[in-house]
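Below is one structure, written out as structure tokens; the observations come after it.
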Amino acid sequence: MKKIIQPVKGTRDFYPPEKNVNSWLYQTIREVSESFGYQEYDGPFLESIDLYASKSGEELVKEQSFVFPDKSGNLIALRPELTPSLVRMIAQQQQQLVYPLRWWSFGPFWRYESPQKGRGREFFQWNADLIGVDSPEADAELAALMAGFFRKVGLSPDKVKVFVNNRRLMEGELAKLKIPSDKQGEVFRLIDRRGKLNDKDWGAYALEIGLKPAQLEGINTLLSSDDLWKDSEELTRFFTAVDALGVNDYVEYSPRIIRGLDYYTGTVFEALAVSKDIRRSISGGGRYDNLMADVGGDSLPGVGFAMGDMVISVVLEELGLLPENRSAAPAKILVTVFDEESLLASYQLGVELRQAGFKVCSYPTAEKLGKQFRYADKVGARIAVILGPDEINNQQVALKDLQTREQTTVSRSQAIEAIRGLLENDPGA
RNA sequence: GCGAGCGUAGCUCAGUCGGUAGAGCGCUGCACUGUGGAUGCAGUCGUCGCGGGUUCAAGUCCCGUCGCUCGCCCCA
């Protein structure tokens with residue numbers, strides 16, 4: 001075996017079939033985002049580590065980012081998320097931008113994770129944000145955008161749900177249980193882990209962080225109160241808007257959704273795939289009204305979410321929802337090369353056909369026709385064009401439909417029309 | 001960081017009780033010198049991940065190591 005340098009751990013090779021899936025995701029995300037009037041943007045892949053140090057949380061930067069010094073010794077990070085870049089970009093042009101601002105992006109991110117199914121060290125992420133509006137209806141729009149994507153790719157509401165909660169509501173409820181505000185962060189973490197631990201371990205963890213049994217009881221009651229949202233004016237308006245936006249079948253209240261990130265201030269949401277008995281987090285987001293001010297801009301409210309490409313790909317794959325034709329033909333027409341003498345004539349014919357708008361490849365060398373036909377087959381070409389001595393002498397070309405096996409010889413001037421006729425019912429052309 | 005499983009041909013994998021390496025697919029050629037998918041025949045293909053140990057003999061057993069995968073942890 002030849003020695004081949006191994007790919008970097010946690011990265012993926014995108015062979016044409018995989019790249020095709022990636023492009024399809026990108027395209028679908030583009031269509032959904034643009035249908036809501038969002039504009040595409042992007043930040044740099046490299047950022048100064050300082051950008052993340054302030055806000056993203058210690059662990060994200062120190063433990064899970066790829067960081068390296070450049071030649072002048074500045075610490076550079078491969079971006080682990082987009083929101084800090086977004087916030088910086090907005091702060092830089094805060095007075096010129098038009099609000100409400102609706103932006104989306106799809107690009108690569110890097111995190112130093114331990115790779116496993118649905119998670120790698122290099123992945124793509126869809127980000128969508130609505131900046132400058134502080135209303136439950138804006139939150140609902142983001143939920144609708146997310147649900148719109150699911151609907152478009154065929155993920156029905158029985159396969160995926162967007163669960164919603166509100167941090168202000170939860171803070172109020174915790175205060176009622178006499179949980180001091182400086183413990184809220186810890187309690188949010190506790191709630192975040194409810195689904196991951198069994199009852200016993202979770203209860204032990206709760207007592208460990210200093211909760212009294214009565215408070216634990218209270219939290220348990222809280223976490224099974226599926227009607228709790230009715231106590232929140234914000235969420236009541238949110239769900240009314242969700243109805244109006246036509247996605248109430250996807251969006252559901254859950255007191256157990258809290259999200260790990262510190263900068264969320266109000267509504268938080270998370271899309272979960274329900275396959276068998278496993279719940280997998282597909283996407284998450286929420287409202288972050290203080291973030292802009294925290295990084296030194298003027299105060300500006302925002303709400304947004306992110307969705308990684310790896311989990312959604314796994315889910316779509318399992319449900320058979322990925323596009324069928326994963327290796328689209330590079331060209332529908334192959335121009336064969338009869339012999340050395342006619343090679344350039346074949347190339348020129350290829351040029352003519354390309355100018356006529358067809359996707360055309362020329363066989364690069366004069367091989368036996370049988371071999372060229374086999375090649376045409378394998379790459380999925382529909383038509384083989386033959387330009388041998390007989391055709392050249394008579395100003396003709398032979399066209400063979402590889403699907404029907406029918407071959408016709410037409411005059412050179414009619415070739416384009418004839419091909420167009422043959423490709424009429426071929427969608428890939 | 002912890003745990004489990006797996007590393008054999010280009011790919012997917014088999015290899016029994018330890019006895020000197022196999023299949024399918026692919027690729028090349030021929031049947032078929034102006035025509036593809038089928039069929040038949042022939043050919044091509046190996047540091048059995050790496051290092052050590054046990055043994056007359058190791059792909060197989062033991063130890064170590066590296067890599068991959070799947071979980072746990074974590075999850076913006």
Side-chain angles (χ1 to χ4, degrees), chain A residues 1-13 15 51-65 77 79-87 109-121 123 125 127 189 192-193 195-198 201 205 258-264 268 270 278 280-286 288 291 304-308 310-311 314 334 336-339 342 363 366-393 396-409:
Chain A
M1 200 199 291
K2 287 149 263 156
K3 278 173 218 146
I4 296 173
I5 305 288
Q6 300 229 345
V8 173
K9 191 186 185 81
T11 62
R12 290 169 289 173
D13 291 329
Y15 288 85
L51 181 70
Y52 305 102
S54 53
K55 201 56 205 170
S56 292
E58 296 280 293
E59 182 162 355
L60 177 54
V61 185
K62 289 193 176 143
E63 309 292 333
Q64 293 197 290
S65 292
R79 62 180 188 184
E81 61 164 332
L82 190 57
T83 303
S85 304
L86 166 69
V87 167
F109 295 86
W110 294 266
R111 289 179 199 166
Y112 201 85
E113 304 263 13
S114 115
Q116 53 194 270
K117 194 168 189 170
R119 191 160 76 176
R121 292 184 174 181
F123 54 93
Q125 205 172 61
N127 280 263
R189 272 180 63 81
D192 195 39
R193 298 176 72 173
K196 296 165 189 164
L197 300 174
N198 62 43
D201 290 349
Y205 178 50
I258 206 75
R259 307 287 303 153
L261 206 52
D262 288 339
Y263 55 60
Y264 291 126
V268 287
E270 180 164 0
I278 303 168
R280 250 182 310 212
S281 179
I282 293 181
S283 166
Y288 49 90
L291 197 51
F305 67 79
M307 182 188 82
M310 297 189 71
V311 173
V314 169
L334 178 84
T336 62
V337 173
F338 190 80
D339 53 23
S342 62
Y363 203 87
E367 299 281 347
K368 288 164 103 176
L369 277 181
K371 190 172 176 180
Q372 299 186 45
F373 272 71
R374 217 179 308 140
Y375 174 80
D377 247 355
K378 282 181 184 166
V379 299
R382 176 69 192 272
I383 295 171
V385 177
I386 302 128
L387 194 63
D390 297 348
E391 286 82 7
I392 291 175
N393 286 334
Q396 292 176 320
V397 292
L399 305 176
K400 177 151 181 172
D401 186 326
L402 292 163
Q403 202 169 304
T404 63
R405 294 170 163 255
E406 282 165 19
Q407 181 168 331
T408 51
T409 302

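Only a predicted model underlies this, so the values are computations on that prediction, with no experimental measurement involved. The basis for the numbers below is simple: all heavy atoms, side chains too, and nothing from hydrogens, waters or symmetry mates.
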Residues which pass side chain to side chain donor-acceptor pair (under 3.5 Å) with [X], listed by chain and number, not counting sequence neighbours:
X	result
A/D390	none
A/Y363	none
A/R12	A/D309
A/Q372	none

Give me the distance, rounded to whole Å, that separates [N] from [M] when you measure between the [atom1] atoms they each carry.
N	M	atom1	result
B/C25	B/A58	C1'	30 Å
B/G18	B/U55	C1'	9 Å
B/U16	B/G7	P	12 Å
B/G53	B/C41	C1'	47 Å
B/A23	B/G43	P	12 Å
B/C48	B/U60	C1'	10 Å
B/G26	B/G10	C1'	7 Å
B/U44	B/U28	P	15 Å

Applying salt bridge (Lys or Arg N to Asp or Glu O under 4.0 Å), name anything that partners [X], two or more places apart in sequence or on another chain.
X	value
A/R121	none
A/D339	none
A/E391	none

task: Tell me, please, whether A/Y264 has A/R259 positioned over its six-membered ring: NZ or CZ under 6.0 Å from the ring centre and within 45 degrees of its axis?
output: no
field: Lys NZ or Arg CZ of A/R193 over A/Y205 ring: under 6.0 Å, within 45°
entry: yes
Quickly work out the [X] [atom1] to [N] [atom2] distance and round it to whole Å.
X	N	atom1	atom2	answer
A/I258	B/C74	CD1	C1'	18 Å
A/Q125	B/C75	CD	P	16 Å
A/Q6	B/C50	CD	C1'	12 Å
A/E113	B/G1	CD	P	14 Å
A/R121	B/C74	CZ	C1'	13 Å
A/D339	B/U33	CG	C1'	12 Å
A/Q116	B/C75	CD	C1'	10 Å
A/D192	B/C75	CG	C1'	9 Å

task: Spell out, as yes or no, whether a donor-acceptor pair under 3.5 Å connects the side chain of A/S342 to the backbone of A/G388.
output: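 Pair absent, no side-chain N/O of A/S342 close to backbone of A/G388.
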Would you mind classifying the nucleic acid contact of [X] as base, sugar-phosphate or nothing, using non-hydrogen atoms under 4.0 angstrom?
X	answer
A/F109	nothing
A/T83	nothing
A/R79	nothing
A/R259	sugar-phosphate

message: Quick check: on RNA chain B, is the nucleotide nearest A/K378 upstream (toward 5') of the one nearest A/K368, or the reverse? Name the residue that is more 5'.
response: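 Taking each residue's closest nucleotide, the earlier one in sequence belongs to A/K378.
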query: Can you give the dot-bracket line for RNA chain B, where a pair is Watson-Crick or G-U wobble with both atom distances under 3.5 Å, crossing pairs use [ ], and | marks a partner on another strand?
result: (((((((..((((.....[..)))).(((((.......))))).....(((((..]....))))))))))))....
field: A/F373 side, atom CZ; A/L402 side, atom CG - distance, nearest 0.5 Å
entry: 6.5 Å
At a cut-off of 3.5 Å, list every protein nitrogen or oxygen paired with a nitrogen or oxygen from nucleotides 34-36 of chain B, distance to 0.1 Å.
from  : atom 1 : to     : atom 2 : distance (Å)
B/G34 : O6     : A/D390 : N      : 3.2
B/G34 : O6     : A/D390 : OD1    : 3.2
B/G34 : O6     : A/D390 : OD2    : 2.5
B/G34 : N1     : A/E391 : OE1    : 2.9
B/G34 : N1     : A/E391 : OE2    : 3.1
B/G34 : N2     : A/E391 : OE2    : 2.9
B/U35 : O2     : A/K400 : NZ     : 2.9
B/U35 : O2     : A/Q407 : OE1    : 3.3
B/U35 : N3     : A/Q407 : OE1    : 2.5
B/U35 : N3     : A/Q407 : NE2    : 3.4
B/U35 : O4     : A/Q407 : OE1    : 3.4
B/U35 : O4     : A/Q407 : NE2    : 2.5
B/G36 : O2'    : A/D377 : OD2    : 3.3
B/G36 : N7     : A/K400 : NZ     : 3.4
B/G36 : N1     : A/L402 : O      : 2.4
B/G36 : N2     : A/D377 : OD1    : 2.3
B/G36 : N2     : A/D377 : OD2    : 3.3
B/G36 : N2     : A/L402 : O      : 2.8
B/G36 : N3     : A/D377 : OD1    : 3.2
B/G36 : N3     : A/D377 : OD2    : 2.8

- request: Answer yes or no: side-chain N or O of A/R119 and base N or O of B/C74 forming a donor-acceptor pair under 3.5 Å.
  value: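 Side chain to base: pair found, below 3.5 Å.
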